[in-house]
Amino acid sequence: MATKPHAGMGEIENEPLRPKVTDAKGILKQNREFLDFFWDIAKPEQEIRLKAIEDLIQYLKNSEKSDELKYTLKRLVDGLSHTRETARPGFSLALAQVLSVFEEIQLQTVLGYIKEKHDLQKVKKKLIRNAAFGNFFGVLALSQSGRLPKETQVVLECVQLLQSLAQYREHLKDLPRKTMVDILSETTEEVFEEVLLGALQSDLSSAFSTPEQLQLLLVAMQRFPSILKPAKLKKLLGSSSVITQDNIPKLLEVLKMAARSVKKDRVLPAVALDVLQVALKEESFEMFWRDVVVNGLLNEQSGPSSYMCYRLLGSALPLLSLPQLQQVLSGEVMRHYGEHVVCAQLPERFKFAPEMETYVGDFLQGCREPDKQLAVMLSFTKLTNQGYPVVPSFWKVVQHLEPSALQSYVDWLKDMFTHPKMESCLDFSTRRQQENQESGVQSEHCVFRMRKWIIPRLTSIVENVQVKKEEDLIMDVARFVFFHAFFDAKKSTPDIPETESTLSVPLDERTRAVIVNCFFGLLQHLNQRPVQGDASEPTAQGERRVLGVTADGTLWVYCLVQYANVLLNQTKYVHCAQQFTPQQKKSWDSMLSSVETLKKKAKKAQTAETSAFQLLFLLVGIYLFKAADEGIELMQDLQNCLEKAQEKKTKRKKKATASEEQDEPHWVEVMVGILLSLLSQPSRFIRQVCRTVFAGICPHVNKRALDTILDVLDPNKDEEESGVVVTDEKDVAKLKRDQEEQDEKDDQQEGEEEWESSDEDSDDEAMEEDDKAESEEEGEVDQNFRLELMKVLQGQNALATEEDGSEDEELDDEAMMKLDDNIAALFSEQKKRIQAKKDEKEKFRKEKALVRDFKIKVLDLLEVFLNKQPENPLVLGIVEPMLTVIEGGMSSDSNQQEQEFLRKAADIFRNQLCRAKRYCKNVSDMQEELHDMMERVLTRAQTLSDSSVSLYYFSASLYLVKVLRGNVMTAAASTEGKKGQAVSASADQMAAMGSVDMERVTSLFKRALCSFMTRRKSALSGAMFIDLFTRFPVLCVRLLDSAVVYITEGVRQHQQGQACAIVLRGLQTREVRQLLTDAQWTEILEKTVGQVAETVSSIPEYKIKVVQEKVARALELSQFLVRSIQQQKLSVNLEPLKEALQPLNLLDGFRKTGHLEDTYWSVVKHFGILKPKIEKMKKAREEQDQQSVAKKKKGFLPETKKRKNRKKPAVLEGKQPETRDEGGAVGEAGAAGDKEKKKKNKNKKRKQQGSGGGEPGQSPQKKAKAQPGGKKKKKQKQGGDA
């Protein structure tokens, strides 16, 4: 009912319609702090709820009011049925805490209030769910209070209440039964026997009905074994035990129900684990596992039942004895689990393997019995799919094995490798494998797959640093892998343990290749392995020395070389898989002697050079077993390199002649060549060793050695000149021929069409080849093939000509057969030529990929050199070659390998070179050379077309400026900071820039700035010069005047906007202000103000994006200028800028961007111009809304369902012509309003035509809806006339 609005407070007091205020719950009597506790308890955040409960308890303890505790109980009990699910546990926990602290409160009273408040018989139907939760959480609060076992009658009533809640399973699920289990676990035997046993009689008797009732029985049996004796169980269940043959079907159905109930939770139901424990207690585990798990759950072939079997298997591991473990882990559940692991490898399949790994890991971590640990590891290893174990070769659970169990497991793996006992494995094949292999799986195939898994398994045990193992075990595995990679046993000898077990199945080439790869991976790990048991914190220098050695300081590689030497000398007992030639044996012996010589020198004085040579000799020696021919050449080069390195000191003393130095390469150059040769091999271990060796010889690298590395990366040089490559001139020529002969295939197509017109019988094979050629590439017709085909046809008179007129003549059978043979031979030859070209092209593509991969690895050497020798002057020689590499990579193919090479090169150049904190600072003798390099780099940056490449060239120029400046700038700045002085004289500026030729460098960057500002298409960008101004304020001061000029003289709007950004960054730099005097600072600000005013006033419209960006940057610069001039009170005239900015907001489209408009008003605010308010428009809108609401009739649609009236803004703006000057866009809005009027009129005409122009049958609602619109239209006309 509507009431008349009142004008004053006095009338409000006399309001007759206000309802009478009542406070039945006493809320108004409580203070605000007290009430806040209950509001916080209902909040969804757990931390807030817990804090509120804690504060409530403390408040009640300190309170002296008697009614607050009573109000608390009522409020908490009411909240138990809160509609918000997250609030119910909060109120339940609060009630439990209150009952626990204030023991004077009777639990019987609270329980009675809970039953009364949440009576399921009286509550409305739609509130039954909330009431059920209220009862449940009330009982839960009583249970959690800790006082429930003391009051037996309350316990009984709680249990009865929970039993009554079982019928609301769709809401509460199994929560009541779980609470009953919790109550049982806290109840004493006396209370259970006297009170609860009778109440739970029906539940216990029907234990096999639901999982909850069964769990209730099992918990009662575990909690009260003296009460629920076999005689009592026989009375309840009909049998004296749970696991009996008669109970198996009922038990199976209950477990199936439990499995389905936790399908989404993916956990093992508690009742299943309880049944397992009862089966073990009743000594009927074998029957339970056989009849319930294997023959019951597993045979159902459903997901929940199968996963319950797997979880039962994992959970049973800690509970079973050794015979039971062996029985369970070799049965059908394991086989079924193996099939799941293999089939679940497909994407989007649920994978149980991680969960099983957790079960096994927890068991091994908690079990200290090596026998059980070994039994579990062996059982999972023997679970194989056609010989290949389903567990991964790198299984983290091995780290929990005891040392004795680990040693036994390694011995078993070695024995399984030498004597594969595939019949002892639990092998299986998937259904798809059985369909694809109808003849069965061959034993040799299974042996190969098992051995293929065992070797990575052994190496992963060594490589896993979490596994507790001794050095003897590591060496044992390394010797085993090395022996079977390169040797075979003839006779057994105790000196070589690997010969005592001969192979029952000989190794094939595939297996040996796998072993060789695993061995070099293991060798890589050993080379980087820290000392066993070294717990001390290594320093930066000592960290590298302790890697790759045993506890006594011997290299792991040296230990393996010594073992290999023993095997080579024991020809009676072993023989090498690839017998050594005399030349190989000679290289091996020379390697050993060189290593021994180096070891003697290392005892006197250990140097990085000696360690590098020793490691490289050992590596090449091991490499002889894999690639003998290449190893011999490398060994010879390495010997020569070592000899030259040893003669280095002697030559220095004798002062060798210059001719000798020019003719003979330095030893480090030969070493670099050897490293490049090694890098061409596809081995991660060799790549890592090359990095290690090169890091050791970095201090000795000279210019020629560095140029050798850079020549490999130079894209402008031929492949055969770039060091170590895999292609030659023939490949390049073949590629050219391929490109020239690509057109032959289309010629073949045309020739086949001509031949088809004469004879269509032998066309199939040739046309198939033609289709392939046409689909691969298109080009011109191969004239040679056409001529040959024409000759064959004319030779048999099969081609008609105009001269002979033999159009209607036919060939006899003999001529036809001959023609077919000739054509078939011609096309066969053409097909071979095409296939040969394809093979050559594919070969060249693969070789090119190998070369690119080789270059990626060569970049490692550059990265090591820049990390180890950043202050070496040779680093400066890397700048231009790296830029050439990046530029060539940008213009090359876009395949993944090319992108990886380019990404790595760019990362090294940007992070390791240009942004390095350490760099060469002593370049006094290289000034002219560096200035020339800077000029070349900057010139190239201006001529490029790709901005991304130009950025690297510009960064290189900034790096050269940093190098030429040195650390003088930092020292000068710190000295000036202490004295509190500023730089003023040009001499100080030159000194602060170190070796930089300021005039030359300034002219170079000024030329680059001019190129960027005056060229329409320039690869340079404003961000480059912003970086320049930020890093080198001295150059910024010299270039600032030029940058200010381009605010108006930039060739395009984009350049003018970038000039504003560059000038703004320069003026904001603190060092620039310090370098300028007050007069210079005032002058540059005044000049900038004039330029900004001129460029802003020249803007005709505001629709183009580049103009918007320019205006944004000009406004940001204007804001800085106005603020600085006004704050520093400089004598700079700002009127031109004010006059230029004032009409800016009147431009078309200016109001579309909110950020730009805000910036504009923040700038003109400094001139006293404020943003106009639009309160009048809002008031007019509100008045019209009130009028429309007052005229509404019943049955109207709500406002959210109405179509928006787009005429309102036009009407309002039309009524306020006085805001035209301030708002700046009234004319535009008025025009928009006219357009909307026309559009509205058109829509109205269409509606009238569709509805008959206002027929009498129009509904009252439509009439009512049209009335306000008509009146508004009339008002519009009146406003327009006015």
Side-chain angles (χ1 to χ4, degrees), residues 509-510 513 627 629-630 680-682 715 717-796 798-799 816-855 892-898 901:
E509 294 299 326
R510 294 183 302 166
D629 297 336
E630 297 176 4
S680 63
Q681 306 300 324
K717 293 189 176 182
D718 294 335
E719 298 293 348
E720 68 274 6
E721 298 178 1
S722 61
V724 180
V725 291
V726 294
T727 58
D728 53 12
E729 295 178 355
K730 294 181 180 179
D731 295 316
V732 180
K734 289 175 182 177
L735 180 62
K736 293 180 180 179
R737 290 200 307 269
D738 289 340
Q739 295 175 349
E740 293 174 356
E741 294 175 358
Q742 284 177 356
D743 305 333
E744 293 184 2
K745 298 174 184 178
D746 289 335
D747 178 47
Q748 174 188 355
Q749 176 187 0
E750 187 171 337
E752 286 175 346
E753 290 175 354
E754 293 179 1
W755 171 72
E756 181 184 6
S757 62
S758 62
D759 189 352
E760 298 178 355
D761 295 335
S762 59
D763 181 58
D764 295 336
E765 182 180 356
M767 285 302 294
E768 289 178 1
E769 182 64 25
D770 174 66
D771 291 339
K772 293 180 182 178
E774 183 181 5
S775 63
E776 290 176 358
E777 51 189 25
E778 296 180 357
E780 298 180 359
V781 179
D782 184 3
Q783 297 297 332
N784 294 329
F785 179 72
R786 170 180 290 194
L787 292 176
E788 292 179 2
L789 185 60
M790 294 286 288
K791 290 179 181 179
V792 171
L793 295 175
Q794 291 176 357
Q796 297 295 328
L799 187 64
M816 203 67 169
M817 293 294 294
K818 186 175 182 181
L819 177 62
D820 289 346
D821 294 340
N822 293 337
I823 291 178
L826 178 62
F827 275 97
S828 176
E829 183 180 356
Q830 178 70 2
K831 183 178 179 180
K832 292 179 181 179
R833 286 199 298 266
I834 293 175
Q835 187 62 37
K837 286 186 292 183
K838 289 181 182 179
D839 296 342
E840 291 294 333
K841 189 174 182 179
E842 180 66 18
K843 177 184 177 183
F844 184 72
R845 186 191 64 79
K846 291 181 179 179
E847 291 175 347
K848 186 178 179 181
L850 289 175
V851 172
R852 182 62 64 200
D853 183 65
F854 168 64
K855 289 185 177 182
S892 61
D893 299 334
S894 59
N895 56 46
Q896 184 177 1
Q897 197 179 33
E898 292 287 346
F901 173 69

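As the structure is a prediction and not an experimental result, all values here were calculated from the model. If you read the sequence from its start, that first residue is 1, and numbering goes on from there.
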Please round to the nearest 0.5 Å and tell me the distance separating atom NZ of Lys848 and atom CG of Asp853. 14.5 Å
Determine whether Ile834 and Lys838 make a side-chain contact, defined as any pair of heavy atoms from C-beta on separated by less than 4.5 Å. yes
Separation between NZ (Lys841) and NZ (Lys846), nearest 0.5 Å, reads 14.5 Å
Nearest 0.5 Å please: distance from the CZ atom of Arg852 over to the CD atom of Gln896. 14.0 Å
Glu509: partners by side-chain contact (heavy atoms from CB on, under 4.5 Å), with sequence neighbours left out: none
Determine whether Val851 and Lys855 make a side-chain contact, defined as any pair of heavy atoms from C-beta on separated by less than 4.5 Å. yes
What residue among Lys837, Gln835, Lys843 forms side chain to side chain donor-acceptor pair (under 3.5 Å) with Asp839? Gln835
